[in-house]
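What follows is a single structure, written as structure tokens, with notes after it.
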Amino acid sequence: MAPPKRVILSGMRPTGKLHLGNYVGALANWVKLQDDPDTLCFFMVADWHALTTDYENTSAIDSNIEEMVIDWIAAGLDPKKSVIFRQSWVQPHAELNLILSMITPLSWLERNPTYKEQVTELKDKEISTHGFLGYPVLQAADILLYRATHVPVGEDQLPHLELTREIARRFNFLYKRSTFVEPQAILSRTPKVPGTDSRKMSKSYDNCVYLSDDETILRKKINSMFTDPLKIKANDPGHPLPCPENPTGCVVYSLHGVMEEPPVEYGARAKSCADGSLSCRPCKEDLFKRMDHYLKPIRERREKAKKEKGLVQRILVEGSNKASQVATLTLNNVLHTIGFPKHEAAQ
Ligand code: TRP
């Protein structure tokens, strides 16, 4: 069999059940990628990465992994098509992380914009740790172990990917061998998904529509969304053009835009909202129907997957074993390159 033209690796930190923003922004893309016959996909539960910020309390890690992987399956990730694995179960991640940390200048890590941002944002957590500063080194190890040619990520991850490329280049230069492949980003060009309060959908804002939300919860969340403040009574005309980018704009309208592909009646909706012929109640009902239709197949697969006892563990064991085979080959190659080959008799 010919080797695949593209190797994809991506991962998520296990923070529990996933929301619509995770699906639209990442997961839906992953599902599409796994169907390309020229592509080999690795999808990773980044549990070591979760430890960089949540090292103090690890009691939720197992259930967070379970919920997240159930959502992956519900969204359509298929262990027959993709390698789905758990980072900490594939030992070469930790070992390559160590090796790469030897060659990564501190200044590269300190100037990383994501790092600086997080340090200010997560003020209440003690994250001035070696592990947190080294987050992108571990991420580089994840990617380079599989010789990934492409990494689907959101824009916020671009600095990390750039660091991976720089680390790969430095390694290849230092040891005079092209051991590593420099990966490219696949940017998901998706609209920003607003949460129920019109800020970016995020667990920390408590404004999410979850893939697991049933119809009753979904309806409740949509009905409680804040709309155009000009539309107080049923047929009040609204702002001329509700703008999804405007933070005070109507979240119901923005979500219609996220759900509708291609946006055929988006313009017509803006017009009838503005002239008062469409009031908020029916507009919310339309959104409910649309979202329910969109999320129903995911919800149904989720229910089914939840009933299969041990499913997630089985998928992760099998996937991690497959991933280990690939990762071990790369690691052995690296060890050889740096002059630390394992003795055949050493375990
Ligand atoms: N840092 C990524 C995030 O927060 C998760 C991640 C870990 C990752 N390792 C990766 C993503 C490797 C892509 C490739 O979302």
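For clarity, every value in this text was computed on a predicted model and none was experimentally measured. Numbering of ligands and ligand atoms starts at 1, following listing order.
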Checklist entry - Any N or O of S10 that comes nearer than 3.5 Å to an N or O of ligand 1? => result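 So ligand 1 has no N or O lying under 3.5 Å from an N or O of S10.
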
[atom] - nearest protein heavy atom and its distance:
atom: atom 1 (N) of ligand 1; answer: Y135 OH, 2.8 Å
atom: atom 5 (C) of ligand 1; answer: G11 O, 3.6 Å
atom: atom 3 (C) of ligand 1; answer: Q157 NE2, 3.5 Å
atom: atom 9 (N) of ligand 1; answer: D142 OD2, 2.7 Å

Handout entry: Side chain proximity check, T53 to Q118, heavy atoms < 4.5 angstrom
Key =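 In short, these two side chains do not touch, never coming nearer than 4.5 Å.
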
Electrostatic pair [X]-[Y], nearest N-O below 4.0 angstrom:
X: D54; Y: R13; value: no
X: E110; Y: K116; value: no
X: D206; Y: K221; value: no
X: E166; Y: R169; value: no

message: Taking 4.0 Å as the limit for heavy-atom contacts, which would you say applies to L138 with ligand 1: side chain only, backbone only, both, or neither?
response: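 It is neither part, as no heavy atom is under 4.0 Å.
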
Check your understanding: Of the backbone atoms (N, CA, C, O) and the side-chain heavy atoms from C-beta on, which set of Q87 has a member under 4.0 Å from an atom of ligand 1: side chain, backbone, both, or neither?
Key ->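 Under 4.0 Å from ligand 1, Q87 contributes no heavy atoms.
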
Element-labelled atoms of ligand 1 that are located less than 4.0 Å from some non-hydrogen atom of [X]:
X: R13; result: 4 (O)
X: A46; result: 7 (C)
X: L9; result: 12 (C), 14 (C)
X: V151; result: 13 (C), 14 (C)

Exercise for the section: Have a look at Y210 and tell me which of E67, K17, R302, R299 forms a side-chain contact (heavy atoms from CB on, under 4.5 Å) with it. Expected result: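 That would be K17.
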
Report task. Give the single entry among H93, Q139, M44, H160 that approaches atom 8 (C) of ligand 1 most closely by any heavy atom. Result ->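 Considering heavy atoms of H93, Q139, M44, H160, the nearest to atom 8 (C) of ligand 1 sits in Q139.
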
Item checked: Check: Q34/D78 side-chain N/O donor and acceptor closer than 3.5 Å ->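 No, no side-chain donor-acceptor contact under 3.5 Å.
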
> Hey, would you say the Y175 and H336 ring centroids sit under 6.0 Å apart?
Replying inline: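 No, ring centres 6.0 Å or more apart.
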
